[in-house]
Participant: 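What follows is a single structure, and I will ask about it in a moment.
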Amino acid sequence: MFNENKPPIAGIFPIVASLAEYFERNLVVIDVGCRWGFADVWSLFGSHVTLIGFDPDPAECERLKSTYQGSSDVHFVAKALGESEGKLPLFFTAEPACSSLYKPDSSLTSSMPHLACAKLVGETEVDLTTLDTWASSTGVNEVDFLKLDTQGSELGVLEGAENCLHSIRALQIEVEFNPIYLGQPLFSDIDSFLRKRGFVLWRLTNLCHYSSLPEASAFKHKDVQFFDGRSVPISAQGGQLFWGEAYYVRKEIAYSEETSDWQACLRDGAIISTLGFRDLAGARLQQALHHAPSNIVPAIKRVLTKYYSPFA
């Protein structure tokens, strides 16, 4: 849904990005539904990252191209992605960022003020391709990170990306827990699909709640989250949970399975650090440290010592 959220660049990112000079190849990052552009943190990797954005709106892609003019290895593709090639209606909404291959539920957009952004205002037919078809035709052989924000059609994009998923290490996906669009897949469908392909859920964030009476939901409600037994009180309010951001990583990353592939560990640590999961990134960089050539060990140690002291 419409909720532009670009965290500022700070803290750990610059020094982790300094390890990019040791990558044997560029990181490949794909953002499907890339309106507003890429997260700023990727710019720290400079010429060591390839950024590819998809959006079915040609005008938005042209705007983004002009915004990133002069940036190295940044590409925008004015295509809609799905599970197969063909044609489907694209439903335009009051807020263009909420447009979808699924028709908005008018009972919600008319009764919940903060979902009025998804009110239907028109439709057109668009050509669909799959991520695998596009990657094969353009020579993109490996993808490291995939971000999806396609307003309910995320599962279809994944179903059309079976080959790409073999190399993907982490994903950021907008997921719905209750449907905003008619017939759309939900979080449980995406979760089941990815678990069968070797991914596990790492974090849910930006949980968004809505109600028909927003003023009635503005009351304080105490909640708590637990982190290794440490309780962290949080303030909550009312409304029904509709969507959030889900982060997935490869099972071997989540459970720190041993590997001697220090290059893979270095890339994993870099990718995951951009998501803010310092503990997970640190564990992966520690594995890179154990197996990296002696001339690269000091650079990895500097990162671990400064930002991941439990792993130093």
Side-chain angles (χ1 to χ4, degrees), residues 23 25-39 42-43 45 47-69 71-92 96-97 99-102 123-175 181 184-185 189-190 193-194 196-199 246 248 250 267 271 274:
F23 293 167
R25 62 168 178 82
N26 275 18
L27 290 179
V28 178
V29 174
I30 292 184
D31 186 334
V32 186
C34 65
R35 187 175 291 269
W36 303 308
F38 301 98
W42 294 115
S43 66
F45 292 99
S47 62
H48 302 291
V49 64
T50 298
L51 302 174
I52 304 166
F54 286 83
D55 195 283
D57 183 348
E60 176 64 9
C61 284
E62 287 303 313
R63 186 191 71 80
L64 288 168
K65 287 178 183 178
S66 64
T67 300
Y68 284 84
Q69 190 172 9
S71 299
S72 61
D73 222 353
V74 179
H75 312 272
F76 294 99
V77 184
K79 287 185 178 292
L81 297 180
E83 62 180 305
S84 60
E85 294 188 273
K87 294 180 180 291
L88 280 179
L90 175 66
F91 297 98
F92 295 123
S99 299
S100 175
L101 295 175
Y102 287 87
E123 64 178 90
T124 189
E125 191 174 66
V126 293
D127 292 317
L128 245 65
T129 189
T130 71
L131 186 55
D132 282 344
T133 299
W134 177 86
S136 176
S137 67
T138 55
V140 176
N141 299 316
E142 294 182 278
V143 178
D144 297 288
F145 178 74
L146 179 62
K147 178 178 177 289
L148 300 179
D149 181 359
T150 59
Q151 305 308 119
S153 65
E154 289 82 4
L155 180 60
V157 177
L158 291 171
E159 290 172 334
E162 288 279 10
N163 292 334
C164 289
L165 284 171
H166 291 310
S167 64
I168 288 172
R169 309 300 290 166
L171 305 99
Q172 177 184 351
I173 307 175
E174 183 179 292
V175 294
Y181 302 89
Q184 71 164 107
D189 303 302
I190 291 172
F193 179 90
L194 287 174
K196 291 175 183 176
R197 287 154 181 83
F199 294 92
Y248 285 86
R250 281 277 170 197
R267 293 194 302 272
I271 293 166
T274 69

Participant: Before you tell me yes or no, could you show the steps for Thr50 and Arg25 under side-chain contact (heavy atoms from CB on, under 4.5 Å), namely the whole-Å CA-CA distance, both residues' side-chain angles and the distance that decides it to 0.1 Å?
Facilitator: CA-CA 10 Å; Thr50 298; Arg25 62 168 178 82; over 6 Å; no

Participant: Who are the side-chain contact (heavy atoms from CB on, under 4.5 Å) partners of Glu62, not counting sequence neighbours?
Facilitator: Lys65

Participant: Rounded to the nearest 0.5 Å, how far apart are CG of Leu155 and CG of Asp189?
Facilitator: 6.0 Å

Participant: Which atom names give the shortest non-hydrogen contact between Asp57 and Ala59, and what distance separates them?
Facilitator: OD1-N, 3.0 Å

Participant: Please name the pair of heavy atoms, one in Asp149 and one in Glu174, separated by the smallest distance, quoted to 0.1 Å.
Facilitator: OD1-OE1, 3.0 Å

Participant: Are any non-hydrogen side-chain atoms of Tyr68 and Phe38 less than 4.5 angstrom apart?
Facilitator: yes

Participant: Restricting to side chain to side chain donor-acceptor pair (under 3.5 Å), what partner residues turn up for Arg63, sequence neighbours left out?
Facilitator: Glu60

Participant: For a quick test of your reading: what N or O donor-acceptor pairs under 3.5 Å do the side chains of residues 75-83 make, sequence neighbours left out?
Facilitator:
{"from": "His75", "atom 1": "NE2", "to": "Asp73", "atom 2": "OD1", "distance (Å)": "2.8"}

Participant: Given Glu142 and Val28, is the side-chain contact (heavy atoms from CB on, under 4.5 Å) satisfied, shown in steps?
Facilitator: CA-CA 7 Å; Glu142 294 182 278; Val28 178; 5.7 Å; no

Participant: Does Pro96 offer a backbone N or O that forms a donor-acceptor pair with the side chain of Ser99 under 3.5 Å?
Facilitator: yes

Participant: Could you go through Leu90 and Leu101, starting from their C-alpha distance and side-chain angles, then the distance that decides it, and tell me whether this counts as side-chain contact (heavy atoms from CB on, under 4.5 Å)?
Facilitator: CA-CA 5 Å; Leu90 175 66; Leu101 295 175; 4.2 Å; yes

Participant: Please name all residues satisfying ring-ring contact (aromatic ring centres under 6.0 Å, His included) with Phe54, sequence neighbours left out, ordered by chain then number.
Facilitator: Trp134

Participant: If you round to the nearest 0.5 Å, how far is CD1 of Ile52 from CD1 of Ile30?
Facilitator: 4.5 Å

Participant: Do any pairs count as a ring-ring contact (aromatic ring centres under 6.0 Å, His included) and have a residue in residues 144-171, sequence neighbours left out, and if so which ones?
Facilitator: Trp42-Phe145

Participant: Please report the shortest heavy-atom distance between Glu85 and Thr129, naming the atom on each side.
Facilitator: OE2-OG1, 3.6 Å

Participant: Would you confirm whether Asn163, through its side chain, and Asp132, through its main-chain N or O, come within 3.5 Å as a donor-acceptor pair?
Facilitator: no

Participant: Which heavy atom in Tyr248 sits nearest to a heavy atom in Ala246, and how many Å separate them?
Facilitator: CE1-CB, 3.8 Å

Participant: Only pairs at least two apart or in different chains count here, so list each salt bridge (Lys or Arg N to Asp or Glu O under 4.0 Å) that has a residue in residues 151-172.
Facilitator: Glu162-Arg197, Arg169-Glu252, Arg169-Asp268

Participant: When you compare the side chain of Gln184 with that of Gln151, does any pair of heavy atoms fall below 4.5 Å?
Facilitator: no

Participant: Sub-3.5 Å donor-acceptor pair from the side chain of Asp144 to the main-chain atoms of Ser167, do we have one?
Facilitator: no

